[in-house]
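Okay, so here's the structure we're looking at.
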Amino acid sequence: MAKLYFKYGTMDASKSADLLMTAHKYENQGKNIICLRSSLDTRTEDFYIESRALTYKHKCFCFDKDTNLYKFIENNNEGKINCILIDEAQFLTKIQVIQLTEVVDFLKIPVICYGLKNSYIKGKLFEGSKALLYFADSIQEIKSVCHFCDKKAIMNLRIKNGKPILESETGNTVVIGDIEEGEDYFISTCRKHYFNPFK
Ligand SMILES: [Zn+2]
């Protein structure tokens, strides 16, 4: 039975590496997959999924908020796609997540989504993650460790000009960042260190 999977983790939980290893396993068995990635993520070269943890990269299609993913997959299906892998799934819209449930239920293709659960804004989930938590058949955590201690990281903390940013005036969850030294960046933390990062 095909299922909709949501594998979530914090920013440095090696989600893309997990996706690439899954892609490799399918293709090693001669199976066909489609990789998709949000065009909102500008960290990597267009049309590739890459990971800091691996040298291996994989071609992908990019989608934006207006892409009808059911139609896209139906048009690219030809009855022989074994799995759909989606990176940066937090950027999906709720409508696109529902389209993915239709891919699973009617086209009978498994869909594995990788993404963040929590946005940097205190108490706020990404739209795509919220819909996936609601609709997915299987939800799995990819674990990582707090930047400051040895507890599990569950939060994505935004640091701007040396200060933690837990709110947004616009309420916009989408800030594209990477774990780098700089003026505006993200780190993965436990809950305590999200609220008290430098204590
Ligand atoms: Zn901590």
Side-chain angles (χ1 to χ4, degrees), residues 4-24 35 37-38 40-44 48-58 85-94 97 111-199:
L4 176 61
Y5 298 83
F6 181 34
K7 294 192 176 194
Y8 70 88
T10 55
M11 298 209 64
D12 57 354
S14 304
K15 299 182 298 300
S16 300
D18 194 307
L19 184 154
L20 289 168
M21 286 188 288
T22 304
H24 185 67
C35 291
R37 181 170 68 79
S38 165
L40 285 173
D41 180 10
T42 53
R43 284 176 303 174
T44 55
Y48 279 97
I49 293 171
E50 294 181 65
S51 162
R52 286 177 294 272
L54 298 173
T55 51
Y56 179 65
K57 59 182 184 176
H58 199 286
L85 298 169
I86 303 185
D87 204 12
E88 305 297 344
Q90 70 273 10
F91 297 137
L92 293 163
T93 65
K94 183 176 159 187
V97 171
V111 177
I112 310 177
C113 297
Y114 294 82
L116 302 170
K117 178 169 69 70
N118 297 347
S119 78
Y120 73 93
I121 301 169
K122 188 173 57 186
K124 193 158 178 178
L125 299 172
F126 284 95
E127 179 180 347
S129 318
K130 193 173 172 180
L132 283 163
L133 288 169
Y134 191 95
F135 288 111
D137 297 291
S138 169
I139 296 166
Q140 208 181 315
E141 184 178 28
I142 301 174
K143 295 184 177 71
S144 59
V145 177
C146 174
H147 183 82
F148 298 102
C149 71
D150 293 329
K151 283 185 82 171
K152 188 176 77 177
I154 59 168
M155 314 297 279
N156 299 296
L157 175 63
R158 183 179 179 190
I159 306 282
K160 193 175 180 184
N161 300 320
K163 293 210 168 65
I165 307 288
L166 274 54
E167 302 285 352
S168 161
E169 280 173 16
T170 61
N172 187 4
T173 52
V174 181
V175 174
I176 307 302
D178 208 344
I179 305 142
E180 289 172 359
E181 293 306 315
E183 292 304 297
D184 194 351
Y185 60 98
F186 291 86
I187 47 177
S188 306
T189 67
C190 68
R191 183 178 50 245
K192 179 188 160 193
H193 284 119
Y194 173 77
F195 287 110
N196 308 278
F198 301 113
K199 290 172 196 165

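Heavy-atom basis, side chains included; hydrogens, waters and symmetry copies ignored. Whatever order the structure lists ligands and atoms in, that order sets their numbers, starting from 1.
In terms of the ring pair (Phe, Tyr, Trp, His ring centres under 6.0 Å) criterion, Y194 has no residue partners (sequence neighbours excluded).
The closest side-chain donor-acceptor pair between Y114 and D18 falls under 3.5 angstrom.
Inside a sphere of radius 2.8 Å centred on the Zn ion (ligand 1), the protein N/O/S atoms present are C146 SG, C149 SG, C190 SG, H193 ND1.
Using bins of under 30°, 30° to 60° and over 60° for the plane-to-plane angle, the ring pair F186/Y120 lands in the perpendicular bin.
More than 12 heavy atoms of other residues, nucleotides or ligands sit less than 6.0 Å from atom OH of Y56.
The pair K15-D87 does not count as a salt bridge, with every side-chain nitrogen at least 4.0 angstrom from each carboxylate oxygen.
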Exercise for the section: Might you work through the side chain to side chain donor-acceptor pair (under 3.5 Å) test for T10 and S188, ending with a clear yes or no? Expected result: CA-CA 6 Å; T10 55; S188 306; 3.3 Å; yes
